[in-house]
Each structure stands twice: as structure tokens, then as C-alpha cells.
Amino acid sequence: MALLPILRYPDSRLHTVAKPVSTVDARIKTLIADMLQTMYEAKGIGLAATQVDVHERLIVMDVSEERDQAIILINPQLVWTSAETHLNEEGCLSVPGIYDGVERFDAVTVSALDEHGTSRVLQAEDLLAVCIQHEMDHLMGKVFVEYLSPLKRNRIKKKMIKAQREEAQ
């Protein structure tokens, strides 16, 4: 297993639309293991392959308190969303230290392949539903700050660029 570098907003690669995973092979299984290690190390609850500069439809998540209930979604598709939505405070490993409100569906149903290539349907609500929607946005090339006002987004962009410059020194 290896820690993977996480792309930081406003890196243009975060806006790449991910392609479907063609086969769940050894390469994908290694990528899953590396993404899980990276997510856990970064203290995140979800990570999309796009965030580690792999533009394939793969998400890893773990919203459990014990951090021992990993969920793998390969080629996920939303098949149902609740009519109800609410504003959730979200953060992102690609936008460290920034949190803001995003409107999300309260519950979703997603179909995907698991780490063995087996088709599954997952019904989710609360934090897991928010996480699924957030990570699926990444696969479509969208970062949560794009839901915010242009003013907020520009402030965040400037802050992120400044932080990256300071880290490079």
C-alpha cells in the first residue's frame, strides 16, 4: 500500500470527468487499498479517485466511528433520491480547512460494483448519503465549493493558492 498525493483545489485536474472502470482487476484492487490508506491517513470519510489524479469512477468511504467499515463504490450511479433536502456543513480533503453549507438530498440509493466486481445496491441516509453525493460530484469534475457563491469561491481559491505557495517555500 502507498499514500497517494491528494490534489488540492483549484487544481484543474479536479474538474476532469472520470471514465468508467472497465474491469475490477489487480490494478483497481491496489488503487482501492492505496486510496483507503490515503483517506484514513488524511482523516477523511471519503475519497474519489479523481482526487488522487486517477480519472476513473471509483470511490472509497468510511463514515463509521471505528473507521473499520470501508465502502467501495465502482462505477456508482444514483438510482433514487429523496424529495427532501437539507443544508449540510461539508469539508473536503482537496480543500483542507474549509467548511461550508451545501444542499444535499437526505437519502439516496446508489448502484455500483464493490471491490470484487459484484453489483450492489446501497441505500443511504444522513452522513453516508451526503458523502456519496459529495464523492460522486468529484467523479463529475465538481468540487463542493462550486455550490457556493462566486464571492466565497474566489476567497477560498485565493486562500488555497496562498497556502500552497507557503508550503512550497
With sequence neighbours excluded, give me every side chain to side chain donor-acceptor pair (under 3.5 Å) pair touching residues 68-80. none
Enumerate the side chain to side chain donor-acceptor pair (under 3.5 Å) contacts for residues 110-131, please, sequence neighbours excluded, ordered by first and then second residue. none
Can you name the side chain to side chain donor-acceptor pair (under 3.5 Å) partners of Thr50, sequence neighbours left out? none
Side chain to side chain donor-acceptor pair (under 3.5 Å) between His86 and Glu103, worked out: CA-CA 5 Å; His86 66 278; Glu103 192 82 17; over 6 Å; no
Check side chain to side chain donor-acceptor pair (under 3.5 Å) between Arg57 and all other residues, then give those that pass, not counting sequence neighbours. none
If the condition is side chain to side chain contact (heavy atoms under 4.5 Å, CB included), which residues does Ala33 pass it with, not counting sequence neighbours? Met1
Counterpart residues, side chain to side chain donor-acceptor pair (under 3.5 Å), relative to Ser82 (two or more places apart): none
List the residues meeting side chain to side chain contact (heavy atoms under 4.5 Å, CB included) with Ala42, not counting sequence neighbours, and say none if there are none. Ile6, Leu93
Taking the inter-plane angle between the rings of Tyr9 and His15 on a 0 to 90° scale, is it parallel (under 30°), tilted (30 to 60°) or perpendicular (over 60°)? perpendicular
Strictly distance-based, threshold 3.5 Å: is any side-chain N or O of Gln37 a donor or acceptor partner for the main-chain N or O of Ala2? yes
Give every residue pair that meets the side chain to side chain donor-acceptor pair (under 3.5 Å) criterion with at least one member in residues 149-165, sequence neighbours excluded. Asp100-Lys152
Qualifying salt bridge (Lys or Arg N to Asp or Glu O under 4.0 Å) pairs with a residue from residues 136-145, counting only residues at least two apart or across chains: Arg104-Asp137
Going by side-chain heavy atoms closer than 4.5 Å, which hydrophobic residues are tied to Val63, directly or by a chain of links? Ile45, Ile59, Met61, Ile71, Leu73, Leu78, Phe105, Val108, Val110, Leu122, Leu127, Leu128, Ile132, Met136, Leu139
Sorted by chain and number, sequence neighbours left out, side chain to side chain contact (heavy atoms under 4.5 Å, CB included) with Glu167 holds for Arg8
Filter on salt bridge (Lys or Arg N to Asp or Glu O under 4.0 Å), then keep only pairs touching residues 18-34, sequence neighbours left out; what's left? Arg27-Glu56
